[in-house]
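Treat the numbers as computed from the prediction; the structure is a model and nothing was measured. Proteins come first, then strands; the chains are lettered A, B, ... in the order of their sequence lines, and each starts at number 1.
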2 protein chains.
Amino acid sequence: MQVTIKDVAKKAGVSPSTVSRVISNHPRISPKTSAKVKQIMEEMGYHPNLAAKSLVSKKSNTLGVILHRPAEELFLNLFFSEFIRGIVTQATRSGYDLLMTSGATEKDEMEAMTRFIKGGRVDGIILLSSRNGDGMVNYLRSQQFPFVLIGRSNEHDDILSVDNDNVQAAYDVTKYLISLGHTRIGFVSGPPQLVVSQDRMEGYKQALQEFGLPLRSHWIVEGEFLQESGYRAMSMIMGLSDRPTALIVTDDLVAYGVLKGITELGFHVPDDISLFSFNNISISELTTPPLSSVDIGIYQLGYTASQTLLRDIQENHREQNRIIIPHRLMIRQSCARVD
Amino acid sequence: MQVTIKDVAKKAGVSPSTVSRVISNHPRISPKTSAKVKQIMEEMGYHPNLAAKSLVSKKSNTLGVILHRPAEELFLNLFFSEFIRGIVTQATRSGYDLLMTSGATEKDEMEAMTRFIKGGRVDGIILLSSRNGDGMVNYLRSQQFPFVLIGRSNEHDDILSVDNDNVQAAYDVTKYLISLGHTRIGFVSGPPQLVVSQDRMEGYKQALQEFGLPLRSHWIVEGEFLQESGYRAMSMIMGLSDRPTALIVTDDLVAYGVLKGITELGFHVPDDISLFSFNNISISELTTPPLSSVDIGIYQLGYTASQTLLRDIQENHREQNRIIIPHRLMIRQSCARVD
DNA sequence: CTGAAAGCGCTTACAG
DNA sequence: CTGAAAGCGCTTACAG
């Protein structure tokens, strides 16, 4: 019932090999034959069977993504749709599809990955996050299977990755606050085991040091990527006698909690304290006052990851291992000048 | 280099057919043989080649999703990650993966779908939305290809679909507001061509009629699924001499705009006007005051769509065509009693 | 420029 | 309970 290459060949009066060559735009095929075969394919509604093609070519024209486990979903969920859109859009343009699966445990995840790789289901893998001691990265490297990491790995600096310069971004934010006259600047950070937390903390410290400003450990809070995390931190921070006049917050959702906490304690942003956060998800525009936030180019991270991986697969050569997506400070109304 | 069924067969001293039967748990295979073969497979790190399997079995063990075009992304984006998580989780449990692609135009979308179906890449399709006159639905029906629609189609009532009872949900919300003493209730709706908008409007009208309450056309606004849409509507609504004491809003993001508009005009929620919205996305908890909203079970919609489609594919029989996911009114602080 | 043939890794009637 | 053989729909050296 399915129209095959043989059916087309018979009707066109050529051999299956010729039809195959027409499909793949083989150079040594006469324009006349090509045109005729193409017309017949159109008439008969021919569509190549991908399984057969994949079986012989050892290519699937598919990229794979493994969904992270629930435990890590909170942070990434807000980015997820933008990541995926970026990845799929670019992949589709290059004639690739995206295959997704999930694993309930780390063991499940590894099995899913093995199935993808060993079963020939994908030609490359996109990792949506990295944690210290990431088994995925080690496995993929040992298999020499093409992959790209969105983010940065502490252990491996020779893998293909797409990331922001989070050190620089945090440095830029800190410097911006300093330029407004702030000298007591605090930091509400995320989980310390995440590379992104480490990088942002580093940029913050660098800027303070460069401008000779004090770094006080009680101005720094490490929490989760949760609203409550920011909310809870405020009773402590705002109760300090030498409390900061500005806070850098590692994520918009956390900043939302921070904002809520500050407001409930009877303080006002930005008059009593300035706020600058990261990621620029939709919520940051919606708060009162609208939050200044660092746009990290989520769509572009996904898009570029896809593009970079495909280039690595197809051309098998890399211009560079680490691609940096530029960030932008989105200045809104949550920061005030102090004297 | 790849370990094949032949390699395993040779090492186990059996035929390839036997190995194949062990893999598929064929009943008539001796436990002894099975155990031995399984052990060898483990030892050799055998993984079945999915392309070969798919080529002969005509099954891909994959479900397909086509990403909607940018024009329609706004509304769905906020649901997207939950939908996908629900779909993937259930699919993975049944041994299926999810294949995604996108199309820039409707033509692209149709081509992508054809590629999926005719190329044997997927065994079923999940449609994330429906619009009036949906070419996808017509095509899939004409091909008799398994698919499920998340939502409801006006034109086809015999297709597999997973949806909320949006008429009932809007009815419930309206009745709740009436029970608080409201008699002048307005409605901020979404695009009228969407079935979901039509259904919610219908439930609202039914409740008003049942309780003999007035339906005023100037209390009804039709807009987009955008914050601005709600924001802009407020200058008109709040300026009415007989303005409503409660508003039902079709989406949390729109409700956020409504809330902002009301507040900027110097009014207060819920003292001056009550607000009840739909969808219960994360933002609804975060507003001041927290918004009452209808939880529509986004994850469950995705999960059930996946489950229903797989049952249709595997067992080829349906218990019912239209599955309803229950909704829940999440009562927060945006509605007040009036006398 | 084109064809005949082999083969990709699996499944499944058909025999025994 | 197990094996030999054919075949799924394609690609690609090898010939000509």
Could you report the tightest heavy-atom contact between [X] and [Y], atom names first, then the distance?
{"X": "A:A91", "Y": "A:S306", "value": "N-OG, 3.5 Å"}
{"X": "B:I117", "Y": "B:L140", "value": "CD1-CD2, 3.5 Å"}
{"X": "B:L160", "Y": "B:L309", "value": "CD2-CA, 4.2 Å"}

Between [X] and [N], does any side-chain N or O lie under 4.0 Å from OP1 or OP2?
{"X": "B:S30", "N": "D:dT2", "answer": "yes"}
{"X": "A:S17", "N": "C:dG3", "answer": "no"}
{"X": "A:S20", "N": "D:dT11", "answer": "yes"}
{"X": "B:K32", "N": "D:dC1", "answer": "no"}
{"X": "A:T4", "N": "D:dG9", "answer": "no"}
{"X": "A:T18", "N": "C:dG3", "answer": "yes"}

Side chain to side chain, B:T62 and B:L50, heavy atoms closer than 4.5 Å: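 B:T62 does not reach B:L50 side chain to side chain.
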Length of the line joining [X]:[atom1] and [N]:[atom2], which is rounded to integer Å:
{"X": "A:K53", "N": "C:dG7", "atom1": "NZ", "atom2": "C1'", "answer": "17 Å"}
{"X": "B:L50", "N": "C:dC8", "atom1": "CG", "atom2": "P", "answer": "18 Å"}
{"X": "A:K6", "N": "C:dA4", "atom1": "NZ", "atom2": "C1'", "answer": "12 Å"}
{"X": "B:I5", "N": "D:dG3", "atom1": "CD1", "atom2": "P", "answer": "13 Å"}
{"X": "A:L55", "N": "D:dC8", "atom1": "CG", "atom2": "C1'", "answer": "9 Å"}
{"X": "A:K59", "N": "D:dT11", "atom1": "NZ", "atom2": "P", "answer": "14 Å"}
{"X": "B:D7", "N": "C:dC8", "atom1": "CG", "atom2": "P", "answer": "11 Å"}
{"X": "B:N49", "N": "C:dT11", "atom1": "CG", "atom2": "C1'", "answer": "13 Å"}

Test: B:E111 and B:R115 ion pair at under 4.0 Å: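 Salt bridge between B:E111 and B:R115, a charged N being under 4.0 Å from a carboxylate O: no.
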Carboxylate-amine/guanidinium contact A:K38 A:E42, below 4.0 Å: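 A:E42 and A:K38: not salt-bridged.
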Residue whose nearest DNA chain D nucleotide is more 5′ - B:A52 or B:V14: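 In this pair, the answer is B:V14.
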Name the closest nucleotide to the [X] side chain, picking from [options].
{"X": "B:V56", "options": "D:dC8, C:dG3, D:dC1", "value": "D:dC8"}
{"X": "A:R21", "options": "C:dC1, D:dC10, D:dT12", "value": "D:dT12"}
{"X": "B:Y46", "options": "C:dA4, C:dC10, D:dG9", "value": "C:dC10"}

Nearest-angstrom distance, C1' atom, D:dT12 to D:dG16: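 Those two atoms are separated by 16 Å.
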Sugar-phosphate only, base, or nothing, as touched by A:T33 at under 4.0 Å among non-hydrogen atoms: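 A:T33: backbone/sugar contact only, no base atoms under 4.0 Å.
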Comparing B:V19 and A:H26 on DNA chain C - which has the more 5′ nearest nucleotide: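 With B:V19 and A:H26 compared, the 5'-side residue is A:H26.
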For D:dA15, the Watson-Crick or wobble partner whose two distances fall under 3.5 Å: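 Base-paired to C:dT2.
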